[in-house]
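Notes follow the structure.
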Protein chains: 2
Amino acid sequence: MQSFTEENYLKTIYHLAEKSSSVQTNAIAEQLQTKPASVTDMIKKLAEKGLVDYIKYQGVSLTTNGRLAAIDIVRKHRLWEVFLVDKLNFKWDEVHDVAEELEHIKSVDLIERLDEFLGFPKSDPHGDPIPDKNGRFAKTQFIKLIDLKINDLGTITGVSQHSSAFLKHLEKLGLTLGKEIEVKDITDFDGSVELLIANKPVNISREVAKHILISNNDKI
Amino acid sequence: MQSFTEENYLKTIYHLAEKSSSVQTNAIAEQLQTKPASVTDMIKKLAEKGLVDYIKYQGVSLTTNGRLAAIDIVRKHRLWEVFLVDKLNFKWDEVHDVAEELEHIKSVDLIERLDEFLGFPKSDPHGDPIPDKNGRFAKTQFIKLIDLKINDLGTITGVSQHSSAFLKHLEKLGLTLGKEIEVKDITDFDGSVELLIANKPVNISREVAKHILISNNDKI
DNA sequence: TTTTATTTTTAGGTAAATCTAAAAATTTTT
DNA sequence: AAAAATTTTTAGATTTACCTAAAAATAAAA
Ligand SMILES: [Mn+2]
Ligand SMILES: [Mn+2]
Ligand SMILES: [Mn+2]
Ligand SMILES: [Mn+2]
């Protein structure tokens, strides 16, 4: 059984490892708003518990046990987010912080029943996949909106940025999950993207387009 | 804002104060499964924060702020218990431990929405009243089943013992909330009580009868 | 390939919440 | 009222998760 803090470290290492296989001390420290020295301490502890592989100065990676533990936290986090949005009518930009707390509640039974109550959802309010109780989930092939070409069609199925500011911005533009979009133009001047959503034209910056994930059903 | 541990102390002091106005160090220690020396330390801290009144060797009592904080935890605990039973189909003897964790989730918005989602329940699965967001709740006048006389009628509206063993026992005997009972006899030999529930005779020990709370609608 | 900059680790310390053992205060019993 | 028992507090340690400052290792630049 891991402590609240250990769980947060495992989850952070898991998420950082999705980008680069070996995770660096400073990256963990920044993510967890703590100091590199503290990270080194905790990494040693997790290594002793067999949850991470660690070679001094060489970064850290999760062991099989560590990965399973991390995925379990991710599962809880995402199920709670679904609960907050589907049942308690939170907006998708309001759920992250509360889920950060709820994910640490320790009861296997609770999370199985919650999963059932929610109808065994496959993805959370941000389009992220929800692992099953064995830690398995479909690794979805997403394309970034920024990588689409003019005239490409697609459906918004995820976001790679969960900040409230970003999500509220998307909401205002009508860029929510499930919406179909078409790329009409890519501006030379600033790389901003001209979209068509529900027959309405919308212009988004490169920065926004980078963090919208698309499943491209069809191309013309 | 209180820590997880401070919240547990406040809640414990609140519950103990329902029995005797001044709460003793040893009683708190026993309830929290800790040592009296640790309790003294924490009491000093809570006193400095203005949450308890404390005179050395004279026991401790909650200030107005302390009481409000304690009632807020109790409110959360009981609302989560309702959620677990009504929505996730937990049994009434399975919810306490999980609620002990959930009660510490810090989000005013969450608990307001949960309250609404549950239909603003007035009592929890054990018949205990749920305070509103201002800490107000009806102080219900309960009678212990043990104090009833032969031929008295009543409705089971609460229990003063929340252990799983006790609640499972009641369940097996059909002694659940809302059931109407009639006292048929009180055994001379061991003080056990002969009841009639749904026209069936049930015999319960004194110990059990002590912890069943009755609202006595009528007497014959 | 040195020199410089960056990253990471160690050394030593702090605060919160515990503990044990011993001292002090209070309560109960003789 | 004195002695004995109980309760409570203090003193001094321990553990967890942090920190700062300095040293060591690695990576980048000259
Ligand atoms: Mn989230
Ligand atoms: Mn999410
Ligand atoms: Mn309870
Ligand atoms: Mn209850």
Side-chain angles (χ1 to χ4, degrees), chain A residues 1-14 16-17 19-62 66 69-70 73 100-101 103-106, chain B residues 1-14 16-17 19-62 66 69-70 73 100-101 103-106:
Chain A
M1 196 95 301
Q2 285 86 42
S3 73
F4 183 99
T5 309
E6 288 167 351
E7 287 186 346
N8 279 335
Y9 272 86
L10 290 173
K11 193 182 57 158
T12 296
I13 294 168
Y14 174 78
L16 289 170
K19 309 203 164 182
S20 54
S21 56
S22 175
V23 179
Q24 285 169 295
T25 304
N26 276 355
I28 299 169
E30 203 208 323
Q31 187 68 31
L32 289 173
Q33 305 262 62
T34 182
K35 303 290 162 174
S38 308
V39 173
T40 302
D41 283 350
M42 180 57 81
I43 284 174
K44 282 185 192 161
K45 194 177 165 192
L46 294 173
E48 264 180 35
K49 288 192 171 193
L51 297 165
V52 299
D53 288 321
Y54 169 58
I55 307 163
K56 265 191 199 177
Y57 295 99
Q58 301 295 119
V60 73
S61 62
L62 293 171
I73 316 294
E100 284 294 306
E101 289 192 60
E103 71 191 6
H104 301 289
I105 303 290
K106 283 171 187 48
Chain B
M1 196 95 302
Q2 286 85 43
S3 73
F4 184 99
T5 308
E6 287 166 351
E7 287 186 347
N8 279 334
Y9 271 85
L10 290 172
K11 192 181 57 158
T12 297
I13 294 167
Y14 174 78
L16 289 171
K19 309 203 165 184
S20 53
S21 57
S22 175
V23 179
Q24 284 169 298
T25 305
N26 276 356
I28 298 170
E30 204 207 323
Q31 187 68 33
L32 289 173
Q33 306 261 63
T34 184
K35 305 288 163 179
S38 309
V39 173
T40 302
D41 284 349
M42 181 56 81
I43 285 174
K44 282 186 194 163
K45 194 176 165 191
L46 294 173
E48 265 180 36
K49 287 192 170 193
L51 297 165
V52 299
D53 289 319
Y54 169 57
I55 306 162
K56 264 191 199 178
Y57 294 99
Q58 301 295 119
V60 72
S61 62
L62 294 170
I73 316 294
E100 285 293 306
E101 290 192 60
E103 71 191 6
H104 301 289
I105 303 290
K106 284 171 186 48

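Residue numbering restarts at 1 for every chain, and letters A, B, ... go by the order of the sequence lines.
Note: CG (Asp41(B)) to P (dT8(D)) measures 15 Å, nearest angstrom. Between the CD atom of Glu6(A) and the P atom of dC18(D) there is a distance of 10 Å, given to the nearest Å. One interatomic measurement links the two molecules: CD1 of Ile28(B) to P of dT8(D), which rounds to 9 Å at whole-angstrom precision. Distance, Gln58(B) CD to dT26(C) C1': 8 Å, rounded to whole Å. We find that CD1 of Ile55(B) is positioned 22 Å from P of dA24(C), with the value rounded to whole Å. Going from atom CE of Met42(A) over to atom P of dT9(C) covers 14 Å, rounded to whole Å. Counting to the nearest Å, the P atom of dT6(C) and the CG atom of Asn26(A) are 12 Å from each other. When rounded to the nearest whole Å, the span between NZ of Lys35(A) and P of dA11(C) equals 21 Å.
Candidate nucleotides dT10(D), dA24(C), dT8(C) were compared by shortest atom distance to the side chain of Gln24(A), and dT8(C) ranks first. Taking only side-chain atoms of Thr34(B), from C-beta outward, the nucleotide of dT7(D), dT18(C), dT26(D) with the closest atom is dT18(C). Looking at the side chain of Ala37(B), the nearest of the listed nucleotides dT8(C), dT10(C), dT20(C) is dT20(C).
Contact annotation: Lys44(A) reaches the phosphate of dT10(C) (side-chain N/O to OP1 or OP2, under 4.0 Å).
Using a 4.0 Å heavy-atom cutoff across all strands shown, Thr5(A) reaches sugar-phosphate atoms only and no base atom. If you check every strand for non-hydrogen atoms under 4.0 Å, Thr25(A) touches sugar and phosphate atoms only. Among the protein residues, Ser38(A) comes within range of the nucleic acid bases, having at least one heavy atom under 4.0 Å from a base atom. At a threshold of 4.0 angstrom between heavy atoms, the contacts of Phe4(A) with the nucleic acid are absent.
When each of Tyr57(A) and Ser3(A) is assigned the nucleotide of DNA chain D with its nearest heavy atom, Ser3(A) is the one assigned upstream, toward the 5' end. Along DNA chain C, the nucleotide closest to Lys56(B) and the one closest to Ile43(A) are compared, and the more 5′ of them pairs with Ile43(A).
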